[in-house]
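The structure under discussion is supplied below as structure tokens; questions concerning it will follow.
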2 protein chains.
Amino acid sequence: MKARDETKIGQIFAATLQLVVEMGIAGITMRQIAKKARLATGTLYIYFRDKDDLIHQLYEDCRNASINAYFKGYDPDLPFKEGFRIIWINILHFRIENFDAAVFMEQSYHSPFISESSKEMSRDLLRPLFKLMERGKEAKVVKELDTVLLLMFMVGSTNDVIKYIKYHQRKLTDDIIQQAFTLCWDGLKR
Amino acid sequence: MKARDETKIGQIFAATLQLVVEMGIAGITMRQIAKKARLATGTLYIYFRDKDDLIHQLYEDCRNASINAYFKGYDPDLPFKEGFRIIWINILHFRIENFDAAVFMEQSYHSPFISESSKEMSRDLLRPLFKLMERGKEAKVVKELDTVLLLMFMVGSTNDVIKYIKYHQRKLTDDIIQQAFTLCWDGLKR
DNA sequence: TCGATAAATGAACAAAAGTTCATTTAGTTT
DNA sequence: AAACTAAATGAACTTTTGTTCATTTATCGA
């Protein structure tokens, strides 16, 4: 018998993400996804129960991929600032290289597709970052403010760079990374 | 003859914004908008050519309202930091009090509704902020980096506070405003 | 090589959403 | 107060989109 082609899921995901960046989550249809993935519309229903299921699985996929990427190369034994820099740059790189996924996840947050529980899970996955920031506070190198506020500021500052690069046609040079990191760091540090 | 009730446009806009926050721009239908605004669906077509027109006009309305609010009480003769603080807090307040509008504008950016030219116009409306930041650089109080990057960082830092407040059920106290402003200011200052 | 089985297809069907329009309602004018 | 006109209505119509299914195609095991 014929085996299922598991690479197709990747094709479908990639096509969907591209469409979301082009049209927003409002504009995507099953037909368009199929067309962009070079498949028949019916084929989508072999791999996904329905549109809802497709979007959901894509969301989970994006979330997991990003969390994995964030902590790559991080060693809790490094001095705080070094560890912090590694993670900050990981986040930045991942979200620029997976810009489509980043836009999709942002759009998903306010959408009928993603449930409250999925959002809850996303928050849970910020927990390792939470610990990192607490460490910075204990070591007296980071301001004594609410950890969540500090985290929002940290993650948000990568957002700003991404918008800067993508919407103003700038190149992501080491210089810019360094500059943007300094903006964030000087804000957080005591 | 019967006069057009111009307050209805406000009703329709408010209903649409509420729906966007609840369902995302993906989930809104003309029927739902009408229902939430306590109107018949047909009435929407008296005030707007079609759905596209409705979304467009709402976008313009939100954009204009925000730009107006940003510079309220700003006086170019004030010392830079004072002027900067006024505008930063204006942005923050406006976007929290008009959270629906802020979500809508963010979602609109990647959507089939908003054209390239509308986005271009939005960028133009950042121009006054651009001048402000250049002033800060000339006065040697702000870091010598690309003005657009600095602006993204400034506006983005209000974003972070908004997410903090709205998604983590915090109250917007003067304390938090002060803390968040310091995060941003310490990042930017030389 | 052949038969079996599931993937793949896309036209057809069903459901949902956008839009229209004949009719009713409510101000305005004379 | 009556005539007039445009707003308001919501059921009906049209278009778009999600989903199914009979048919074809490709792969695997015997």
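Note that the coordinates shown come from a computational prediction; the quantities given were computed from them, not determined experimentally.
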*Between atom CG in B:L39 and atom P in C:dG18, what is the gap in whole Å?*
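That distance rounds to 16 Å.
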
Query raised in the report: Between B:H168 and A:L149, does a side-chain contact (heavy atoms from CB on, under 4.5 Å) hold up when you go through it step by step?
Result: CA-CA 10 Å; B:H168 299 269; A:L149 178 61; over 6 Å; no

- Task: Determine which pairs satisfy salt bridge (Lys or Arg N to Asp or Glu O under 4.0 Å) with at least one residue from residues 75-99 of chain A, sequence neighbours left out, and list them in order.
- Result: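 Residue pairs passing salt bridge (Lys or Arg N to Asp or Glu O under 4.0 Å), neighbours aside: A:E82-A:R85.
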
Original post:
Tell me: NZ of B:K35 to P of D:dA11, nearest whole Å?
Top reply: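 So the two atoms are 13 Å apart, to the nearest Å.
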
- Hey, mind stepping through A:K131 and A:E134 against salt bridge (charged side-chain N to carboxylate O under 4.0 Å, His left out) and telling me if it holds? CA-CA 5 Å; A:K131 279 190 181 167; A:E134 300 258 275; over 6 Å; no

Pairs where residues 176-190 of chain A contributes a residue and the test salt bridge (Lys or Arg N to Asp or Glu O under 4.0 Å) is met, not counting sequence neighbours:
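Every salt bridge (Lys or Arg N to Asp or Glu O under 4.0 Å) pair that includes a residue of residues 176-190 of chain A, provided the two are not neighbours, is A:D186-A:K189, A:D186-B:K143.
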
Determine, using ring centers only, whether A:F153 and B:F153 are less than 6.0 Å apart.
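Yes, the ring of B:F153 comes within the 6.0 Å limit of the ring of A:F153, centre to centre.
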
Check: Taking DNA chain C as the partner, which of residues 5-23 of chain B come within under 4.0 angstrom of it by heavy atom?
Finding: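 Output list: empty, so none.
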
Q. Do you know the tightest heavy-atom contact between A:F71 and A:N90?
A.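 Between these two residues, the closest heavy atoms are C-ND2, 4.1 Å.
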
So which heavy atom on B:R135 is nearest to which on B:L78, and how close?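 Smallest interatomic distance, heavy atoms only, reads NH2-O, 2.6 Å.
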
- Is B:L44 touching bases, backbone alone, or none of the nucleic acid, heavy atoms closer than 4.0 Å?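 Answer is nothing: B:L44 stays at 4.0 Å or more from every strand.
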
With under 30° as parallel and over 60° as perpendicular, where do the rings of A:F94 and A:Y70 fit, or are they tilted in between?
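Aromatic pair A:F94/A:Y70 classed perpendicular.
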
Per-nucleotide protein contact along nucleotides 24-30 of chain C, 5' to 3', at a 4.0 Å heavy-atom cut-off (B base, S sugar-phosphate only, - neither), is --SBB--

Practice problem: Find the distance between OH (B:Y74) and CD1 (B:I87) and round it off to the nearest 0.5 Å. | Solution: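 Output value for this atom pair is 5.0 Å.
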
Show me the pairs that pass salt bridge (Lys or Arg N to Asp or Glu O under 4.0 Å) and involve residues 156-174 of chain B, at least two apart or across chains.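 Qualifying pairs, neighbours excluded: A:D146-B:R170.
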
Check for me whether the distance between the ring centres of A:Y59 and A:Y109 falls short of 6.0 Å.
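Judged by ring-centre distance (under 6.0 Å), A:Y59 and A:Y109 do not meet the cut-off.
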
In 5'-to-3' order, the base (B), backbone-only (S) or no-contact (-) status of each nucleotide in nucleotides 12-24 of chain D, using a 4.0 angstrom heavy-atom cut-off, is -----BBBB----

Could you state the atom-to-atom distance from CZ of A:R4 to P of D:dC28 in whole Å?
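Atom CZ in A:R4 sits about 15 Å away from atom P in D:dC28.
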
**Asked** Base, sugar-phosphate, or nothing for B:Y47, non-hydrogen atoms under 4.0 angstrom?
**Response**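 Here B:Y47 touches the backbone only, sparing every base.
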
